[in-house]
Student: 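Can you keep this structure in mind? I'll have questions shortly.
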Amino acid sequence: MSPANPIIRVENVSKHFDTVAALSEVDLFVEPGEKVVIIGPSGSGKSTLLRTINRLENITAGSIVVDGFDLYSPHVDINKVRMEVGMVFQSFNLFPHMTVLGNLTIAPIKLKGMTRAEAEAMARRLLEKVGIPDKADVFPVKLSGGQQQRVAIARALAMSPKIMLFDEPTSALDPEMIGEVLDVMAALAREGMTMVVVTHEMGFAREVADRIIFMDGGRIVEEAPPAKFFTAPEHPRTQKFLEQIL
Amino acid sequence: MSPANPIIRVENVSKHFDTVAALSEVDLFVEPGEKVVIIGPSGSGKSTLLRTINRLENITAGSIVVDGFDLYSPHVDINKVRMEVGMVFQSFNLFPHMTVLGNLTIAPIKLKGMTRAEAEAMARRLLEKVGIPDKADVFPVKLSGGQQQRVAIARALAMSPKIMLFDEPTSALDPEMIGEVLDVMAALAREGMTMVVVTHEMGFAREVADRIIFMDGGRIVEEAPPAKFFTAPEHPRTQKFLEQIL
Amino acid sequence: MNENAKRSQDIKPVVIDIGDGAAIPSRGDRGLVSAWKLSFFFAVATLAYLLIFRPTPYVRLIKFLPDGILVTFQVTIFSILLAIVIGLLTGLGRISRNRAINLVASTYVEIVRGVPLLVQLFYIYYALGQFVKVPDMVAAVVAMSFCYGAYMGEVFRAGILSISHGQTEAARSLGFNRWQTMYYVILPQAWRTILPPVGNEFIALLKDTSLVSILAVSDLLRRGREFASESFLYFETYTMVALIYLIITLILSKLVSIMEERLSRHVTR
Amino acid sequence: MNENAKRSQDIKPVVIDIGDGAAIPSRGDRGLVSAWKLSFFFAVATLAYLLIFRPTPYVRLIKFLPDGILVTFQVTIFSILLAIVIGLLTGLGRISRNRAINLVASTYVEIVRGVPLLVQLFYIYYALGQFVKVPDMVAAVVAMSFCYGAYMGEVFRAGILSISHGQTEAARSLGFNRWQTMYYVILPQAWRTILPPVGNEFIALLKDTSLVSILAVSDLLRRGREFASESFLYFETYTMVALIYLIITLILSKLVSIMEERLSRHVTR
Amino acid sequence: TDATWPPMEFVGPDKEITGFAVDYMKAAGKEAGFTPVFKAVAWDGIFAGLDSGNYDAICSSVSITDERKNAMDFSTPYFKVRQALVVPKASTVKNIDEMKGKTLGAQISTTGHFAIKKVEGIKDKSYDEVGLAFEDLFNGRIDGVVCDDPVAAQYALQNDKYKDALKIATIIEAGDEFYGIAMKKGNTEVLDLVNKGIKAVQDKGIDKELQKKWIGQ
Ligand SMILES: Nc1ncnc2c1ncn2[C@@H]1O[C@H](COP(=O)(O)OP(=O)(O)OP(=O)(O)O)[C@@H](O)[C@H]1O
Ligand SMILES: Nc1ncnc2c1ncn2[C@@H]1O[C@H](COP(=O)(O)OP(=O)(O)OP(=O)(O)O)[C@@H](O)[C@H]1O
Ligand SMILES: [Mg+2]
Ligand SMILES: [Mg+2]
């Protein structure tokens, strides 16, 4: 499983919270354009792994290189790296004091020096893409959960990232809204975006993922393409987990 | 359905919270020794009806007579009536600053003038009855939910009430503890206590109830003995409800 | 043990913290709303009664006091503005991860809250007066805002901490640095939480400006004391002074409560 | 809309209320804990330095002040005791369903919180002095506790309201009347919540007793002012007075924080 | 007494109230058969306390004025003072009228304060204690202080701190003032007693001795 030219290199990474080992000696390499789905039981370290990739969590040991930047090099400007890596959270985290358009344009304007006109034009294109072009001028509280999450995706895309990270993007949604968000994600995947997705949506994993990673107790227990993963899991822990949820 | 000699007479009772009508023209007569189980969807007024019986809620219209006392007569001492009517809550509401024994003895000592020795002897008998004689000297936080609820039942029984009201006594419990509380309640029923019970435990209702009352939208929609109620409900609303939950 | 059960039985660790401002008659507290009305009516009616039916000495008194009221407001307004600036810096320092900055800010708060305002006023006014020469108004404003800056810092700190951490994470993951996140994302949301207690501190500060009368600043109380010790009309003077303070703080606390309501309505726009 | 989503997006209506006491160095706030240590060390070290290396005038000064400290404590302790009694009655009045009682209690709170403490002191001391003759120490205690009773009332009110309504319902349904419920069930639980803010008010009151120096009660600050007015050593005197107040309040706030921790540990016995 | 007015009455190092007036009254008491008990009171409420009966008499360097005579009774005068204008050493002011447009300080509602207010165009600033006014003058916040001359000459200016910084510019010509013991109106019992004591002290020349001790001339 040695990678050709990975855009994300997580090597031998461990992460402790006080006494809890959230990650133990994890390796993960992701190719440009690859879609990786991470699954595993609660507390297995999925979120922690994802969050180390843009250094929302600092690691205790190991190294992480994203798009050629060593995240722990003293010379690296972490804010620059984060512009390359979009992130979508379970709880959306839209900025409630700005309109949808404001949410989408603030970062490009303040961080990339775009003009307001450019930024708004792009924002409207992105809203079109996520299917809510008519919501540009409303405030986030007025949106349904599914709409909010689609805005959150558009906001991350507005920085034209090379990588997108998703941490259970549909877990806080009512069932009837999950589909609309997954559709947007699937479309993004078809466009060739590099994606790392933590999710419990097995249907999505099966259809979209190039590779599925199963974590347990802070370790990667098994990884395989979905066809093999769902039909012939090797590790007993994986088998048990799949039994429970399918 | 005209009653012979009811110990509880709820006649034509309505209760409004601001604009919400929690109860509309409800009639309920309970014979001494009878066990009535009230079921119905959330917000249908079950708790409100139960709580009007010891005047934890004041009613807007109608009359309630309990053990011969008109609850709304200006001459009635409501605290006297409440001593006759034990109540058990979903959230136990034990007094956390007293031991279990303290919880059981405070009311008999302060309100009935029992000596501490008498009260404690009785309390220990009641703890025996609810199956936790060894917990007399611990504080409530040290007990499991099921144990707490059994203490709450014993506390109510310590006032030797003629009637016991239960408002979803097992809803806050982990599944493995529900049984122990229902057992205590069933035993109490066998001893001939008059009981009005709001619950979602259909097994209990079927076995213990003399009569089941189905409420919806603040009204009593249907009442029948359990045999008939569960096998041949008349009202379409009841049929739909039973379909959903069974 | 079952989670629900645990929660309902526990004594919640409620933290009670009664501010030093006026009692804000918010809508939830009906007793206070009627009390506000009663107090206001009582204060205004008493004032009117005294002026109309006992013009001597009350009319003379009320002519004597207005410049004192003006000074009281001047000191209050300048002090609160300066205190807000100090408070913002202190609040940011208190949540800073830089240990040195954090310690400086925390120590400032600890010391200021540990010494009576009156002693601080004396100290800043007289003791430090030996080293720097400043006009008395300026000294009073500096002393008041030095003190209130510490309290204001706690308000800012609490306001900033009240914004969910997810907001910071979202902003940081877009590439904003720590300060940009504070400026574009956190503070614009925090001010809604911060504004009402700032209003409250304003009222508390207005009341505490009465202490500058001891520094011979001619505020409302000082004017009253001058009048009283000259005319020997102690009862009448202090009645008047108390009434004026009461009317001012009642009006201000009503304004704060209106502001609170507006802001809480705005939350859902 | 989904419930979770709503909650996470909404700006929560956080209420910030910064008390007037010292900054209590509770364990959650590490910055404050180190700040406490630093301040305390700084205060004690400065005091020691001054006494050892500049005995004139500091040794003379420190001999001059102890009875002032005693008076400060006397006024504080008597006032807090009286204020607790007034506060309990006020708190009960504020939650009473009897509209008249409720209004009286609320109006008392509203008026007391609307008038500066210093004005109240002047009023009670001088103005009412015309009608009733009381020794100045008594007047000071009455004035302080009249004022603090209102704040204490809010503490009691909040403490009582912090006990879940289920406790009241359980007690009432056993047959306890309103007062028995309060006495046997609510207050014994509420005191844990009430005690820390009472400690906090104690510190705030101790600081505010410095105001009685204006009434010529010989408290710590008054003694300092007397010393200064004879020796004209203002800087030295106020340095010393401020240090002593700081050391006292720092010690007291540490005690309150220890008490808070003990009580919160006790919740789960 | 408001014990912040050295050398007339103040709190000594032993925390007892002491000073010229205090010794004077003790001597008077010995002569007339009463023992004065001294109680520290803040100046700006001192007359209120007399009214409410917290004490029987005020011995606090109270100058006898017409307004005050309307409100209370006075003993025979026991000391003569004038108002002194104290200014920084460098000042060339010779007369209070030259202070127009400047700010002068005094203890609140003392005769010094009244003297300032009488002159048109001078801003007055009132302090709780005369010492605070001196301190403000020393710190340069005000341009002068007006107070009774013994306080200025024999006390404040003897102090190491002020000796080289302040001086008396002039004695304000507004006529002599006399200190008297103030009593509630109609309280003839105390009045007679005090007057008897003062007379005896003056007759025996004790007042001269005390003046030498406390004031030095
Ligand atoms: N901020 C934190 N402080 C302390 N421990 C933490 C923190 N965040 C995570 N942990 C711990 O690290 C471990 C891994 O947590 P993580 O959130 O990565 O799991 P997860 O797989 O995402 O679980 P879930 O499916 O519930 O989101 C858990 O034991 C968790 O308790
Ligand atoms: N204190 C109250 N204030 C306002 N409305 C109330 C109050 N208590 C109950 N209600 C309303 O009265 C109606 C009946 O409530 P009640 O609690 O009796 O229903 P319930 O059948 O017990 O429901 P559940 O199964 O959820 O306990 C509901 O619409 C409820 O919102
Ligand atoms: Mg997670
Ligand atoms: Mg219910």
Side-chain angles (χ1 to χ4, degrees), chain B residues 47 50-58 77-99 102-112 137-143 148-149 151-161 163-167 172, chain D residues 1-4 6 84 88 91-92 95-99 102 155-198 259-269:
Chain B
S47 299
L50 201 71
R51 292 156 58 85
T52 57
I53 295 174
N54 68 350
R55 234 183 99 178
L56 280 186
E57 304 284 0
N58 283 318
D77 177 355
I78 187 66
N79 297 316
K80 279 262 147 44
V81 182
R82 284 180 180 152
M83 292 187 209
E84 311 272 274
V85 183
M87 181 144 190
V88 175
F89 301 87
Q90 176 177 348
S91 52
F92 326 148
N93 296 339
L94 294 184
F95 304 137
H97 58 300
M98 301 174 184
T99 61
N103 269 276
L104 264 61
T105 54
I106 176 123
I109 292 174
K110 302 296 175 191
L111 297 175
K112 294 191 144 179
D137 297 311
V138 304
F139 283 92
V141 269
K142 293 278 184 232
L143 300 178
Q148 291 194 51
Q149 192 62 298
V151 172
I153 295 173
R155 179 177 66 178
L157 292 176
M159 292 298 285
S160 316
I163 302 168
M164 285 286 285
L165 309 176
F166 295 83
D167 190 0
Chain D
M1 202 194 310
N2 176 294
E3 261 305 308
N4 271 328
K6 226 162 132 194
I84 285 174
L88 178 57
L92 291 175
I95 55 175
S96 165
R97 288 210 255 163
N98 180 319
R99 276 189 64 89
N102 191 309
V155 168
F156 275 95
R157 172 170 177 271
I160 290 168
L161 290 182
S162 77
I163 304 302
S164 109
H165 193 58
Q167 291 289 314
T168 305
E169 294 199 331
R172 296 304 304 274
S173 73
L174 283 170
F176 286 110
N177 65 28
R178 201 177 291 282
W179 294 109
Q180 290 168 325
T181 301
M182 192 53 76
Y183 185 76
Y184 293 119
V185 176
I186 305 303
L187 287 180
Q189 295 181 57
W191 73 266
R192 283 152 188 254
T193 322
I194 289 171
L195 218 50
V198 167
M259 180 172 77
E260 267 179 0
E261 245 156 58
R262 285 262 169 88
L263 287 178
S264 73
R265 224 185 311 137
H266 258 251
V267 167
T268 44
R269 279 179 224 248

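Residue numbering restarts at 1 for every chain, and letters A, B, ... go by the order of the sequence lines. Worth knowing before you read on, the calculation uses all heavy atoms, side chains too, and leaves out hydrogens, waters and symmetry mates.
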Student: Where is the tightest heavy-atom contact between D:Phe176 and D:Thr181, given as atom of each residue plus distance?
Tutor: CB-OG1, 3.5 Å

Student: Looking at B:Lys112, I want to see if its NZ is surrounded by more than 12 non-hydrogen atoms of other residues, nucleotides or ligands under 6.0 Å.
Tutor: yes

Student: So which part of B:Met83 gets closer than 4.5 Å to some heavy atom of chain D, the side chain, the backbone, both or neither?
Tutor: both

Student: Could you list the residues that satisfy side chain to side chain contact (heavy atoms under 4.5 Å, CB included) with D:Ile84, not counting sequence neighbours?
Tutor: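 Applying side chain to side chain contact (heavy atoms under 4.5 Å, CB included) to D:Ile84 gives D:Ile80, D:Met152, D:Phe156, D:Val198.
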
Student: Below 4.5 Å, heavy-atom pairs only: which of B:Met159, B:Arg55, B:Glu84, B:Arg155 has the largest tally toward chain D?
Tutor: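 It is B:Arg155.
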
Student: If you take all heavy atoms of D:Gln189 and B:Pro96, which pair is closest and at what distance?
Tutor: OE1-CG, 3.2 Å

Student: For chain D, which candidate among B:Ala107, B:Ala158, B:Pro161, B:Ala152 shows the most heavy-atom pairs at distances under 4.5 Å?
Tutor: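 Heavy-atom pair counts peak at B:Ala107.
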
Student: Is there a donor in the side chain of B:Ser47 and an acceptor in the side chain of B:Asp167, or the other way round, less than 3.5 Å apart?
Tutor: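 Side-chain D/A pair, B:Ser47 to B:Asp167: present.
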
Student: Under a 4.5 Å cutoff for heavy-atom pairs, which residue among B:Asp77, B:Val85, B:Ile106 has the most contacts with chain D?
Tutor: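 Top option by heavy-atom pairs under 4.5 Å: B:Ile106.
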
Student: So for B:Arg51, is it side chain, backbone, both, or neither that comes closer than 4.5 Å to the heavy atoms of chain D?
Tutor: side chain

Student: Where does B:Ala156 contact chain D at under 4.5 Å (heavy atoms): side chain, backbone, both or neither?
Tutor: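 The backbone, not the side chain.
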
